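All remarks here apply to the structure that follows.
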Amino acid sequence: KLNLPKGVKNSKTGSWGTEAAVLEELADDGFPIARDILDYRLFMKLKSTYTDALQSQINPKTQRVHTTFMQTVASTGRLSSNDPNLQNIPIRQEEGRAIRRAFVAGPGNKLLSADYSQIELRLMAHVADVKGLKEAFAQGIDIHAATASQIFGIPVEGMDPMVRRRAKAINFGIIYGISAFGLARQLGIDRKEAQDYINAYFARYPEIRSYMEETVYFARSNGYVLTPFGRKCSVGSIDDRNASRRQFAERAAINAPIQGGAADIIKKAMLRLTPALEKAGLSAKLLLQVHDELILEMPQSETAAVAEVVKDVMENVVHLSVPLIAEVGSGDNWADAH
């Protein structure tokens with residue numbers, strides 16, 4: 001057993017981190033036992049949470065796993081899933097993705113995965129009317145490379161992948177109100193450098209800062225924010241005397257129109273999908289929704305036709321000032337379809 005203090009200073013960022021963060025740093029610095037401990041924890045979590053638990057939840061009649069969806073748990077309007085939570089099947093690590101290979105199509109069938117590409121960034125560009133982001137999306141440019149080019153003043157051609165990675169972290173972090181501390185920890189840089197990146201981002205995209213300030217003001221005045229389609233999302237504690245709770249509510253207010261808008265769009269697509277498939281004479285069935293992704297099952301012979309219908313419905317269910325893109329794949333199991 002390796003006992004580590006709960007708060008240990010990270011030599012790279014100068015910040016205090018968790019035990020897991022310290023183990024990651026030790027592993028990066030060449031200590032094999034730290035990597036072994038991290039791997040052990042990962043495998044034990046996968047085994048207990050997924051491999052063992054999912055097998056025990058197979059319905060003896062259908063030989064399938066059935067989840068329960070809830071529409072009113074998440075304040076943004078996102079669907080949530082439980083008993084079991086099929087929206088939380090791992091994908092980031094290769095070991096986690098292997099769990100998805102256990103979800104297979106029935107005999108003679110294929111699974112199809114259709115996933116909205118960068119829908120929250122697209123909604124941010126639309127809602128905040130961000131000219132630079134809208135132009136990049138309209139032209140089909142790599143949005144993270146475009147952001148790196150804009151805020152760091154370097155050409156897209158021949159860009160260092162690490163620079164693009166930093167722009168990606170900022171792009172997604174801004175949506176969730178990331179702090180300089182959070183960005184520093186994520187990128188392994190000091191807090192001042194992280195703050196400089198954030199400042200450069202807002203200097204290049206001032207519309208986003210204006211959107212954030214206006215949204216927080218609206219939330220404080222009304223107690224809610226609106227998605228682009230007019231649905232209210234409640235934001236409690238935004239006037240809380242406790243600074244951390246108040247700041248959390250402010251970040252939630254900024255994110256809710258974006259994440260809530262994405263939830264509205266995919267629900268609209270789900271409502272249109274079954275009639276569209278029936279009209280096309282296809283027997284595909286919608287099995288699962290994982291936030292920005294839809295999973296369907298269909299006879300192998302229908303794969304190409306179903307992909308065409310699904311892509312058309314998802315990309316044209318609403319019309320924004322930026323294009324919506326749905327990436328579609330198919331396979332014998334969920335991992336291969338994604």
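Predicted, not measured: the structure shown is a model, and the values here were computed from it.
- Residue Val163 is not grouped with residue Val156 when hydrophobic side chains (ILVMFWY) are merged at heavy-atom distances under 4.5 angstrom, including chains of intermediate members.
- Judged purely by atom type and a 3.5 angstrom limit, Arg166 has no side-chain atom pairing as donor or acceptor with the backbone of Leu187.
- Qualifying side-chain contact (heavy atoms from CB on, under 4.5 Å) partners for Arg204, counting only residues two or more places apart in sequence or in other chains: Gln150, Ile151.
- Annotation for Phe69: atom CZ counts as buried by contact number, over 12 foreign heavy atoms lying within 6.0 Å.
- In terms of hydrophobic clustering, with Ile, Leu, Val, Met, Phe, Trp and Tyr side chains grouped at heavy-atom distances under 4.5 Å, Ile265 and Val328 are assigned to a common cluster.
- Placement of Ile33 and Leu23 within a single hydrophobic cluster is found when ILVMFWY residues are connected by side-chain heavy-atom separations under 4.5 Å, directly or transitively.
- The number of heavy-atom neighbours closer than 6.0 Å to CZ of Phe218, taken from other residues, nucleotides and ligands shown, is above 12.
- No donor-acceptor pair under 3.5 Å is formed between the side chain of Lys110 and the backbone N or O of Ser301.
- A donor-acceptor contact shorter than 3.5 Å links the side chain of Arg231 to the backbone of Thr76.
- The two residues Gln195 and Ala180 come nearest to each other via the heavy atoms OE1-CB, 3.2 Å.
- For the pair Gly331 and Asp336, the tightest heavy-atom approach, listed with the atom from each and the gap, is CA-CB, 4.2 Å.
- The CD1 atom of Ile99 sits 7.5 Å away from atom CG of Leu54, with the distance rounded to the nearest 0.5 Å.
- A salt bridge does not link Lys285 to Glu302: none of the charged side-chain nitrogens sits closer than 4.0 Å to a carboxylate oxygen.
- One N or O on the side chain of Arg100 and one on the backbone of Ile89 form a donor-acceptor pair closer than 3.5 Å.
- There is no path of hydrophobic side-chain contacts, each under 4.5 Å, that joins Leu271 to Ile266.
- Counting only distance, with no hydrogens or angles, the side chain of Glu308 and the backbone of Ala304 share no donor-acceptor pair below 3.5 Å.
- Between the side chains of His338 and Ser113, no donor N or O sits under 3.5 Å from an acceptor N or O.
- A donor-acceptor contact shorter than 3.5 Å links the side chain of Thr67 to the backbone of Pro84.
- Enclosure of atom CD in Gln57 by more than 12 non-hydrogen atoms of other residues, nucleotides or ligands within 6.0 angstrom is indicated.
- Here ring-ring contact (aromatic ring centres under 6.0 Å, His included) pairs that include residues 140-167, with residues two or more places apart or in two chains, are His144-Phe172, Phe152-Tyr197.
- Around atom OH of Tyr217, no more than 12 heavy atoms belonging to other residues, nucleotides or ligands sit under 6.0 Å away.
- The minimum heavy-atom distance linking Glu315 with Ile325 is given by the pair OE2-CA, 3.6 Å.
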Worked verdict on Ile295 versus Leu112 for side-chain contact (heavy atoms from CB on, under 4.5 Å): CA-CA 6 Å; Ile295 310 297; Leu112 181 141; over 6 Å; no

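- Counting all heavy atoms, side chain and backbone alike, Ile143 lies closest to Phe137 at CG1-CZ, 3.7 Å.
- Remark: side-chain polar atoms of Tyr116 are not paired, donor with acceptor, to backbone N or O of His291 under 3.5 angstrom.
- A salt bridge does not link Arg101 with Asp332: none of the charged nitrogens is closer than 4.0 Å to a carboxylate oxygen.
- Atom CD1 of residue Ile58 and atom OG1 of residue Thr62 lie 9.0 Å apart, to the nearest 0.5 angstrom.
- Geometrically, Arg209 engages Phe202 in a cation-pi contact defined by less than 6.0 Å to the ring centre and at most 45° from the axis.
- Nearest heavy-atom pair, Ser244 versus Asn242, reported as atom, atom and distance to 0.1 Å: OG-OD1, 2.5 Å.
- The residues Asp160 and Arg165 are annotated as not salt-bridged, no charged nitrogen and carboxylate oxygen being separated by less than 4.0 angstrom.
- A single hydrophobic cluster is not seen to contain both Ile141 and Ile154; linkage of ILVMFWY side chains at heavy-atom distances under 4.5 Å, directly or through other members, places them apart.
- Smallest separation of non-hydrogen atoms from Leu183 and Ala194: CD2-O, 3.7 Å.
- Under the 3.5 Å distance criterion, the side-chain polar atoms of Asn255 are left unmatched by any main-chain donor or acceptor of Arg251.
- Salt-bridge check for Glu250 with Arg220: passed, with a basic side-chain N closer than 4.0 Å to an acidic carboxylate O.
- A salt bridge is absent between Lys268 and Asp264; no separation between the charged side-chain nitrogens and carboxylate oxygens falls under 4.0 Å.
- At a threshold of 4.0 Å, the pair Arg246-Asp240 does not count as salt-bridged, since none of the basic side-chain nitrogens sits closer than that to a carboxylate oxygen.
- With respect to the salt-bridge test (charged N to carboxylate O, under 4.0 angstrom), the residues Arg64 and Glu297 qualify.
- With a 6.0 Å radius and a threshold of 12 heavy atoms from other residues, nucleotides or ligands, Lys168 has its NZ atom at or below the threshold.
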